[in-house]
Trainee: 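Sharing a structure, written as structure tokens. Questions coming.
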Amino acid sequence: MRMSLRCQALLTHGLEGVEIKSAMHRSDKEVRSPYCLASGVMSQYLGTDGRFYSIKFELRLPDFWQGRFAYQFNSGYGGEVKPALGAITGLLPSEYAINQGFAVVSSDGGHDVSAYPEAGLASTVAFAHNPQARRNYAYEAVEQLNPVARFLVELYYEKPIRYSYGIGQSNGGRLAMIAATRFPNMFDGLLVGSPGFNAPRAALQHAWDVQALHRVNDDISQSLTQRDLDFFTQHILNACDGLDGINDDMIFASDACQQVFKPTALVCKSNFDRDCLSLEKVSALMKMHQSHIIQRTKLCTPAGCMTPASVQIIGVHGK
């Protein structure tokens, strides 16, 4: 009853420009203890494209709290509020930050991906036409939301946060590294997975990968099966896991692995071979890992080469 009253008390938080709904939830398959879920909207404004923008977020406050707070950074292009669990690839539910005694916040990064149905396949990045939405996605949403989330955590538990952390992978990993650079005093530690440092190059890589997969199957979702990926991964581990002196299902001696692992050895020798991959699939995997080529005067992908004058990249500040 006491925690339920505290949860309801968040509705009268006193923060200007922040709207909140809150409710208690029982433990479930992802969260091991009862928790208060606070969903909020803040920093609302009219963008230069005539659309309304805001930062939407959710904050999960578990009864089992160890004085710690985690900011769950957005992966991909953001645009939706993912469950605030403190999850990252490779973690079991019992290892999620919220099940380790953390209060966890997540957000949509300052834009709503569902607001651009007319953009089709480009709907995930249509927000980039608005300069402030680009800045929010880049780092400012974190800068604005973090103090609000911290205030609500301490209001709810009636105790100060002892330690705070940032958690993210892919674009979330990029945000974590930006936080370390721009906001070095914001967090006590960062859990970073596969950070996407170079967004323009990642966009080119995506097109490169799609074309490589398309050569295997017109439906690229069928180009490589889970069995294909597991088979390829296991052979990389078999060849390279122990090169750093420890067999732990992780590869750290990447340069040595490049010399030892030969993907072409996995190609089927005949139609009757089963423990192998087709030449087309191995070629696609090799092509994807070779990446595109950027020359001083031309940018080359499988579609051809372009001169710098024909390439336009929009940055965070429109430059």
Trainee: Report yes or no: does Asp244 contribute a side-chain atom to a donor-acceptor pair with the main-chain N or O of Ile251 at less than 3.5 Å?
Mentor: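 Looks like no, no N/O pair under 3.5 Å.
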
Trainee: So which heavy atom on Pro147 is nearest to which on Val142, and how close?
Mentor: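 For Pro147 versus Val142, the nearest heavy atoms are CD-O, 4.4 Å.
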
Trainee: Is it the case that over 12 heavy atoms from other parts of the model lie below 6.0 angstrom from the CZ atom of Arg227?
Mentor: yes

Trainee: Does Asp273 reach the main-chain N or O of Ser270 with its side chain, forming a donor-acceptor pair under 3.5 Å?
Mentor: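 A pair under 3.5 Å: yes.
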
Trainee: Got a sec: does the CZ of Phe231 have more than 12 other heavy atoms crowding it under 6.0 Å?
Mentor: yes

Trainee: Within 45° of the six-membered ring axis of Tyr157 and under 6.0 Å from that ring's centre, is NZ or CZ of Arg68 located there?
Mentor: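 Judged by the rule (NZ or CZ under 6.0 Å from the ring centre, within 45° of its axis), Arg68 is not positioned above Tyr157.
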
Trainee: Work out which heavy atom in Thr124 is nearest to a heavy atom in Val113; give both atom names and the distance.
Mentor: CA-CG2, 3.7 Å

Trainee: Using only heavy-atom distances, determine whether the side chains of Tyr116 and Asp49 contain a donor-acceptor pair under 3.5 Å.
Mentor: no

Trainee: Tell me, please, which residues at least two apart from Glu16 pass side-chain hydrogen bond (donor to acceptor under 3.5 Å, both in side chains).
Mentor: none

Trainee: Test of understanding: clusters of I, L, V, M, F, W, Y form through side-chain heavy atoms closer than 4.5 Å, transitively. Do Val31 and Tyr156 belong to the same one?
Mentor: no

Trainee: I'd like to know whether CZ of Phe151 has more than 12 heavy-atom contacts from other residues, nucleotides or ligands below 6.0 angstrom.
Mentor: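 More than 12 heavy atoms, drawn from other residues, nucleotides or ligands, come within 6.0 Å of this atom.
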
Trainee: Does the His13 side chain pair with the main chain of Leu155, one donor and one acceptor, at a distance under 3.5 Å?
Mentor: no

Trainee: Residues in salt bridge (Lys or Arg N to Asp or Glu O under 4.0 Å) with Arg150, at least two apart?
Mentor: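 Per chain and number, Arg150 pairs via salt bridge (Lys or Arg N to Asp or Glu O under 4.0 Å) with no residue.
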
Trainee: So, does His25 use its side chain to make a donor-acceptor pair with the main chain of Arg60 at under 3.5 Å?
Mentor: no

Trainee: Can you list everything that forms a salt bridge (Lys or Arg N to Asp or Glu O under 4.0 Å) with Lys281? Sequence neighbours excluded, please.
Mentor: Asp228

Trainee: Could you walk me through whether Tyr137 and Arg134 pass the side chain to side chain contact (heavy atoms under 4.5 Å, CB included) check?
Mentor: CA-CA 5 Å; Tyr137 172 74; Arg134 292 202 303 272; 5.8 Å; no

Trainee: Determine whether more than 12 heavy atoms belonging to other residues, nucleotides or ligands lie under 6.0 Å from atom NZ of Lys159.
Mentor: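 Open: at most 12 neighbouring heavy atoms sit under 6.0 Å from NZ of Lys159.
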
Trainee: Please answer: with hydrophobic residues joined when any side-chain heavy atoms are less than 4.5 Å apart, are Ile236 and Met288 in the same cluster?
Mentor: yes

Trainee: With side chain to side chain contact (heavy atoms under 4.5 Å, CB included) as the criterion, how do Asp209 and Ile220 come out once you've worked through the C-alpha distance, each side chain's angles and the decisive distance to 0.1 Å?
Mentor: CA-CA 10 Å; Asp209 292 349; Ile220 63 172; over 6 Å; no

Trainee: Which atom names give the shortest non-hydrogen contact between Ala212 and Lys287, and what distance separates them?
Mentor: CB-CG, 3.9 Å

Trainee: Examine Phe187 together with Tyr165 and report whether their ring centres are nearer than 6.0 Å.
Mentor: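 Centroid separation for Phe187 and Tyr165: 6.0 Å or greater.
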
Trainee: Return the set of residues passing side chain to side chain contact (heavy atoms under 4.5 Å, CB included) with Gln226 (not counting sequence neighbours), or none when no residue passes.
Mentor: Leu229, Asp230

Trainee: May I ask you to establish whether Arg51 and Tyr53 are in a cation-pi arrangement, using a distance under 6.0 Å from NZ or CZ to the six-membered ring centre and at most 45° from the ring axis?
Mentor: no

Trainee: Apply side chain to side chain contact (heavy atoms under 4.5 Å, CB included) to residues Ser107 and Tyr71 and explain how you reach the verdict.
Mentor: CA-CA 9 Å; Ser107 82; Tyr71 194 117; 4.1 Å; yes

Trainee: Spell out, as yes or no, whether a donor-acceptor pair under 3.5 Å connects the side chain of Glu154 to the backbone of Ile161.
Mentor: yes

Trainee: Give the intermediate values and the outcome of side chain to side chain contact (heavy atoms under 4.5 Å, CB included) for residues His235 and Phe261.
Mentor: CA-CA 8 Å; His235 278 75; Phe261 179 63; 4.1 Å; yes

Trainee: Should Ile167 and Tyr163 be counted in the same cluster of Ile, Leu, Val, Met, Phe, Trp and Tyr side chains packed under 4.5 Å apart?
Mentor: yes

Trainee: Please tell me whether Tyr35 and Asp28 have a donor and an acceptor in their side chains that are separated by less than 3.5 angstrom.
Mentor: yes

Trainee: When you measure from the side chain of Asp63 to the backbone of Ser33, do you find a donor-acceptor pair of N or O atoms at a distance under 3.5 Å?
Mentor: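 No; zero donor-acceptor contacts below 3.5 Å.
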
Trainee: Show every donor-acceptor pair shorter than 3.5 Å between a side-chain atom in residues 78-104 and any protein atom, with sequence neighbours excluded, or say none if there are none.
Mentor:
from   : atom 1 : to     : atom 2 : distance (Å)
Thr89  : OG1    : Gln169 : OE1    : 3.3
Thr89  : OG1    : Gln169 : NE2    : 2.8
Glu95  : OE1    : Leu92  : N      : 2.8
Asn99  : OD1    : Arg32  : N      : 2.7
Asn99  : ND2    : Glu30  : O      : 2.8
Asn99  : ND2    : Pro93  : O      : 2.6
Gln100 : NE2    : Ser94  : O      : 2.8

Trainee: Under the rule for side-chain hydrogen bond (donor to acceptor under 3.5 Å, both in side chains), what residues qualify as partners of Asn136, not counting sequence neighbours?
Mentor: Gln132, Gln144

Trainee: Please answer whether the main-chain N or O of Asn74 pairs with a side-chain N or O of Asn171 as donor and acceptor at a distance below 3.5 Å.
Mentor: yes

Trainee: Consider only side-chain N and O atoms of Asn238 and Gln234, and report whether a donor and an acceptor are under 3.5 Å apart.
Mentor: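 Gln234 and Asn238 do have a side-chain donor-acceptor pair below 3.5 Å.
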
